[in-house]
Amino acid sequence: MTQALALAGRRRDAARAAASRWLRTLGPGGAVSAAVVAVVLVAALLPTLLAPGDPTAVVPAQAYTPPSPGAVLGTDASGRDVYTRVVHGAGQSLGVGAAATAIGLSLGVVLGFGAALGPRRLDAVLSRVVEVLFALPSLVLALLLVAVLGAGVGPSVLAVGLATAPGYARILRARAQAVAQSPYVRAARLEGVSAPVAFVRHVLPNTVWPLIAVATLGIGQAIVWVSALSYLGLGALPPSPEWGAMLNAGRLHITTAWWLTVAPGLAITVTAAALTFLGRRLSAVAPA
Amino acid sequence: MTVLRWLLGRLAAAALVAWVVATVVFFALRAAGGDPSEAILGGPGSQASEEAMARVRAEYALDEPLVVQYLLQLARTVTFQLGDSYARRRPVAELVGDQLGGTLALAALGLLLAWLLALAVATAAVRARGPVARRAVGLLRAGEVVASVMPHFWLGAVLIAVFAGGAGWLPATSSDNSLRSLLLPAITLAVPVAGFLGQVMRDGLEEAHTAPFATTARTRGASEAWVLWRHSLRHAALPAIALSGWAFGSLLSGAVVVETLFGRPGLGRLLVDATHSRDVPLVIGVVLVIALGYVAVMTVADVLERVVDPRLRERVEAAATPGGEVVA
Amino acid sequence: MSAALDVAGLTVSFPDVGQVLRGVDLRLEPGRCLAVVGESGAGKSVLARSVVGLAGEGGAPATVAAERFTVAGQDVTRADERRWRRLRGEQVGFVLQDALQSLDPLRTVGAEVGESLRLRGVGRPERRRRVLEALARAGLDEPATRAAQRSGELSGGMRQRALIASAIVSEPALLVADEPTTALDATVARGVLELLGRLRDTGTAVLLVTHDLGAVARLADDVVVLDGGRVVEAGRTDDVLGNPGHDVTRALLAAVPHGARRRPPLPASEPVLRATGLRRRYPLPGGGTASALDGVDLVVRRGEALGVVGESGSGKSTLARMLVAAERPDAGSVELAGEPWSELPERRRRPRRHLVRLVPQDPLGSFDPRWSAERVLRTALRVSGSSRTPVELLELVRLPASVLGRRPRSLSGGQRQRLAIARALAAEPSVLVLDEPVSALDVTVQAAILDLLVELQERTGTALVVISHDLAVIRQVCETVAVMHDGRIVERGPVERVWRDPTAPFTRALLEAAVTLP
Amino acid sequence: DTAGTSGEPVEGGTLVYATGDAEPTCLDPHVGGNYPQALISTQYLEPLVGRDAEGEIQPWLATDWQVSDDGLTWDLTLAEGITFTDGTPLDAEAVKVNIEHLQDPDTASSTGWLAVQKIAEVEPVDETHVRLHLSEPDSALLESLSMQWAAMQSPAGIARGMEENCAAPIGTGPFVVADWVPQQHVILERNEDYATPGPQAENDGAAHLERIEWRFLPDPATRWAALQSGEVHVIDNPEPEAITAAEAGGEITHIDAPRPGSVNRIELNSAQAPFDDVRVRQAFVYSADVDPGIETLYQGVATRSHSPLSSVEPMAYSDPSLFVTDLEEAERLLDEAGWSQVDDEGYRVRDGERLTVRIPVSTNQSVAAEQALFEQIQANTRRVGFEVVLTPLDLSAWYGALAAPEDGGENQYEAVSAPYTKVGPDVLRILYHSDSTVPAPSGYFANLSQVTDDELDALLDEAARSTDPERRAELYTEVQKRVLEGYYILPLYDQQNHFLTRGVTDVRTLGTVSTPTFVDARLTS
Ligand SMILES: Nc1ncnc2c1ncn2[C@@H]1O[C@H](COP(=O)(O)OP(=O)(O)OP(=O)(O)O)[C@@H](O)[C@H]1O
Ligand SMILES: Nc1ncnc2c1ncn2[C@@H]1O[C@H](COP(=O)(O)OP(=O)(O)OP(=O)(O)O)[C@@H](O)[C@H]1O
Ligand SMILES: [Mg+2]
Ligand SMILES: [Mg+2]
């Protein structure tokens, strides 16, 4: 019993030490960013915890209420509570960013690792593929995809994912090549470690770590791009409180009901900025 | 010899791009539904007669199997014959040619502004002395990140509301390529890109500014400004140049939004319209021009990088030679 | 005649770090050379930079105070940035410690060398003339070609000379040179020292910062010994080196590799590695090929300590890679314990890999940055199927167990080198190939590692192949030596014999270049 | 100072018009036939007849008309000495060419083609007299011919071929197409010889304005900002906010010009479940509760309608009592219709199928306020167990979703709001006659409620033939009653058509399709 307590205590201490070490490496800006991301994560996973109301509840009589104690961020054209909508939109917006990044990453991993570690000819082919993917700007891809698949979050996510894939592929290829030819991988090989084992032990972890940083950054970017698609009417389906859709709907009232743009606009920029900042910090502290 | 090979490589890339564009667009728009003959005969919702549609199908080979149609389209695209727009009944080359200038002007000014902004931020950051200035640099850094994630349409809307609707200083709409008319849309495009370039450039500048060669320049009596302009900036510019290719792509993506927002004529808007009306030849034309423009800019960036950094010229050749076989 | 440099009570401190220099007194006359020596971190570079008003360069801003501070006859105790700028480049030339990175890689050597002239508005033709002249004076062949090249196209020694040319181009009264020979091999270093000597002889005052006592002995008239930011000993070079008065000085002197290893050569045992007719060519950037190895035969016998010396680029590292089968030779072969080795496919070599170990030139790079020392050693032990523990390995290289939890990056250079050796020993190899095991270390640490190698060999009986450009290092550890030049072994034999009685002309040049202490 | 009220009207100058409607791909409204084409062609093409604010047909290019007793022969008299701007005379031959142009399949006309559908033959009697032979009586003929889509063009212009004619059609209007830079603007120059002012014009000669720059500015916020900053003089499709701001006084004038013909409504697809049951349609209507939404979203700019016809149609019939909000009744009706089960998410189900209403929304045609209203309907009908799925689609995909399955479309909708503009009550025939459920070759059909009611068909057929105005009105009232009582549609408000002007006077809209005309307009100093 006491032993268990002591053990738990030691774990707690260790956790605290680890946390403080993390805080130190993140720096003040990184810590603030991490906090922001944490709040957004809570909003995404447990929105009712932060905003118990219904984000789609319509009360036309209360339309366009400016921020007030009853509605901290005001209400929209249909009298829906903007704060509640922003909180409930976190899940979709963050999910959108994460899904797009996941798509981009998976494709990027295949292309990048294939190019870096496969035979020369494969590298040449994949590098061309990457170049061509680069040449199709994300919104162009998105327009096409939405034409094929219809509007909605799915196609937008897919489009942004596809558009970011070449970037990831290029980073991965460079990184994987550098690691694969690094002295420590050579050293391991000279110790008699086989190529696949060296890949799993060294190349993978050392390539993936900087990628986490880049991916963090990418999620923020993806959120922004998907929101841009909302402007062209290609984004999330109503009445979803996805931030880009909210921002776009509110944009028309920018002079009469400023809070309709400010709330989702800030949600997008602050979240994306926090993710970007965190990503940059992570890549800075990541062992190179 | 190597120049020739490099040139051939670029040409191959262009052909490859043409192929991919033709393939992607062709199948995407075919899968998107909507009968092409309808797009030709007055667009969606048209009530063209059966005979008219039959005639158009025959004329445009739309009654051939899809594979044959694809091959025909491919043959045209790869030889850069763009054909006529379905909906607008004008040669695609002409339509695209009309809009190209506007978009290029916008993207070029956007890129220029982004560079200037990034440069201003980065130089301010390395020249900051004293605690207050350093703190300001911290804010600047946060500003860069925020700028880099600004959605275009929001930023543009705010700019319009403030500068055009509110103050009336600049036109809200942008119809020609005069500086006055280009300024707001170009700023809208430039800010996010400047955020990125600024981060990269500042990192590079901070590193170069403390590098031994910068110190050596100081030991020769160089002032901070001299070190900045003659040494550090060139180093900091390298990653920024490399990023400019990407930035240009991002500007073209942004142009789709910004041209609609400011009512500017341009490729982005043309593309949106063409996609909506399933105007296959026009979409292919626009996407092709955008993609080739991107390849061209990448090429220019490549060359520019080599101009700024002579080390890269050798690296290409060195990379081309087989390295020593290491346990493999 | 006024002093080129006259400093009294110079104190430099940094925020958070505290005082780095504590009341330093110095005096340097024109036409003389004053050496500043001391262990790493003693404050030598800070002192050098203070002389041009750049004490805080590259880090936190420094606070500088002095009772008396004149440079080239000018009082600079209260000099502002503009006064300093006028002084720099004009009156004081400076050669920075990081010679290889001190020339802007994006600009031509000519532009770099001429920069201080350009800053002073010297016109183009005049500038060009003086740049070429300075390059020639610095001992660079074909000055016009060099001026058009960029630093990346020059070898290390050439870069160092170009840097010196840039410091002397405006004929300053005072030349400050921070570690001008550290990165260079012996023959090249000797050239640079001779150049500095000639400058001194023509009236320039030279402030030489170094930890290489050999260089001091060769060049300096006077010497100050710095320790913890204080001058602990000062005087004429002969006096200080010949009769050191302070422990620090004595320690520095003792650390310089000298003398031969006191152990008779082993009776001829059977060979573990036998290289025959090794050839390796590399393509050159501009086309053509360079021959890195050109018909090398070499035998490493069981339990033997074999040294390989040679200039930079003579093929030493290439040879090492061939021996451990990291790379395949173009021609010739290597046998391991009498069986084929280099020509086997990797799959068949793997079971015997544990017999041969390489300690690479750059130990830091050879560790996965994410792995702790413990993981490094544990993995090495598992790969070679050894039943020893990481702690035992650490004991072998005299490292405390506390190192286990640390990442390589947080270890000092000496500790890293030991860890690399410990990792190599995990497999209990028959041969240990060490590529430049001490070149990156400062003298005192270097001495400790060399001692360790000797001790290891005696204890474990592992054959050593020690690669170095420094003959003194080889002499201290090895019984036999092979001298390489242009990809060939030009001489081979017992160290003492070669030392005393070199046959190849190249060996003789190498020995002459190496400075010895009196 | 550019104040609209205080400034002095001046002659000449360039008026800048910024439209939010899509840029036409062809400036000839005979080709295709959508509202953007009507908007711009009003400036250079004119129809045979006009219509005043009271809905009375008035002479224009045709000064007189006579219909035979059997209703099958119409004799039109044309104004004398009229020429198109290319000098071609407007004579009986020209009318024939125009109508045949509309009927030519190669023209691919839709709206104009419907207008002249029943004209079997055009017989030029002499220079100024033309006789139309109909295949069946058409009481709506003049209304159809008053529309911009059937406006007269120079036969010589038409003869140039479609490509050229699309770029610059030639008419009799107060302006001439001078230049068209796609996506940027159309430049319209004054027709100096203008001689055919319509029924609503005061001017009897050339327009005051020298030139119109017709710009395409898709973003509503940007259009509004451009009007405020004085870059443009007239904008269309303003947001309700902008209209209320303009009404609050100041330099900006608001012109409200609801479109004729049909009202803006949600059509319920009665051809398939669940709306094949009138009880379910009624339940939907009873639970939609659109009044508060219309009030707040349109800020008083749009008035709730309870009629299938626009409020500008004299024959409009409305019955507010049918469109109450009664959730209990709605629930009862749904229970009765068998939708009595409720799933975990609170939606009603019947035989394991959810009570789902798919509404495809055209992003090109639906404004923000309307989309918000749909979202409110979604939230409101949810309370009684409807699941409304809103799908924003671009125009092609939207038509695809509506099109009949056998024509490659999908018929994937239970409800939809589709604009339809036609002058006169005959629009009811187009929208609710069972013939209109038969798709065109492209799959398009106008009767999106898919009403197939023999009695309704009979009423519509008779109304179309009846030349007696009173009988006609009676019949159309009956038609509207049937449509309303069958709950085939949920009427919302008139098809919104607003213009804001600044720095310009005397902008009027035509009594036909409510497009603005600038014959009388003058810039103010
Ligand atoms: N700009 C600076 N800011 C803070 N601390 C500094 C700065 N420059 C040097 N130091 C500290 O001053 C001390 C002396 O450094 P210095 O570079 O002079 O050593 P050194 O004798 O030249 O050593 P080495 O032989 O390794 O070059 C070190 O502890 C170093 O960390
Ligand atoms: N992978 C390679 N590719 C091309 N050239 C190489 C390669 N490795 C070595 N060389 C060339 O082969 C020659 C011998 O190089 P090596 O590294 O063996 O010399 P070294 O004696 O170890 O020199 P140092 O003392 O500078 O380490 C040099 O000219 C070098 O430039
Ligand atoms: Mg130093
Ligand atoms: Mg080497």
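So you know, we letter chains A, B, ... as the sequences are listed, proteins then strands, and number each from 1. Keep in mind that this is a model prediction, so the values were computed, not measured.
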Working for salt bridge (charged side-chain N to carboxylate O under 4.0 Å, His left out), residues A:D123 and A:R173: CA-CA 9 Å; A:D123 181 17; A:R173 174 175 174 273; 2.8 Å; yes
Greatest number of heavy atom pairs closer than 4.5 Å to chain A - which of C:S366, C:P360, C:P351: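 Of the options given, most contacts go to C:S366.
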Residue among C:A427, C:A380, C:P429 with most heavy-atom pairs under 4.5 Å to chain A: C:A380
Under 4.5 Å from any heavy atom of chain A, what part of [X] do you find: side chain, backbone, both or neither?
X	answer
C:R382	side chain
C:V324	both
C:A426	neither

Heavy-atom pairs under 4.5 Å with chain C, option from A:A187, A:A188, A:S182, A:P205 with the top count: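 The option with the most such pairs is A:P205.
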Determine, for [X] against [Y], whether the closest basic-nitrogen to carboxylate-oxygen distance falls under 4.0 angstrom.
X	Y	value
C:R423	A:E191	yes
C:E346	C:R353	yes
C:D330	C:R279	no

Under 3.5 Å side-chain donor-acceptor pair for C:S384 and C:S386: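 The criterion, which ignores hydrogens and geometry beyond distance, is not satisfied for C:S386 and C:S384.
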